[in-house]
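Each remark here refers to the structure printed beneath this line.
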Amino acid sequence: MHVDPLEKTWVWLASAIAVTFVVVLIWAAVARGIHPPSNVETIDSASLHLSEEFAEDNLGVHRQPDGSLKVVMVATRYGFYPQHIEVPANTPINFRIATTDVLHGFHVEGTNLATMVIPGFISEVNLAEGFKTTGTKPMFCNEYCGLGHHYMWSRVTITDKAS
Ligand code: CUA
């Protein structure tokens with residue numbers, strides 16, 4: 001079978017690119033330990049207020065014995081609760097978020113912190129080194145959830161670790 005030399009070059013090039021992608025994927029998964037979010041934890045979205053963790057009085061920032069923080073939030077049409085949290089910079093944070101109704105998103109502007117908040121599940125995000133910069137940032141819903149979607153945001157104030 002005759003294959004044009006130029007075509008042969010492209011076949012090899014395309015194959016090399018595909019092989020490179022697979023190698024990088026395996027390397028990231030095995031050597032770097034990078035995996036898709038794997039936290040599968042279910043909750044009844046309709047009765048969040050009756051659960052211990054997501055009851056109104058227990059929302060917000062909790063200091064853990066090891067010095068890290070746990071932030072528990074509820075996403076609902078159309079807001080996040082609490083509407084304002086304050087955390088120190090450079091402190092590991094474990095975010096746990098659940099929705100009372102439909103699918104929402106959770107994104108902190110200027111960071112790579114973004115997750116879906118799916119009805120029936122608890123979304124967990126670990127910021128291993130915490131926020132790097134101080135200041136007040138908006139936390140947005142980035143999944144269309146209804147007519148009030150673009151009003152759905154709250155704020156995080158990141159303070160100096162020392163203060
Ligand atoms: Cu919630 Cu968009």
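Both ligands and their constituent atoms are indexed starting at 1 by order of listing.
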Test side-chain hydrogen bond (donor to acceptor under 3.5 Å, both in side chains) applied to Thr76 and Asp101, step by step: CA-CA 6 Å; Thr76 187; Asp101 40 46; 3.0 Å; yes
Of the protein N/O/S atoms, how many lie under 2.8 Å from atom 1 (Cu) of ligand 1: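 Counting protein N, O and S atoms closer than 2.8 Å to atom 1 (Cu) of ligand 1 gives 4.
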Enclosure of [X] [atom1] (heavy-atom neighbours >12, cutoff 6.0 Å):
X      : atom1 : result
Leu13  : CG    : yes
Glu53  : CD    : yes
Glu129 : CD    : no

Shortest non-hydrogen contact from Met139 toward Met73: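 Closest approach of Met139 to Met73, heavy atoms only: CE-CE, 3.7 Å.
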Point-to-point distance, once rounded to the nearest 0.5 Å, from NZ of Lys132 to CG of Asn90: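 Answer rounded to 0.5 Å: 5.5 Å.
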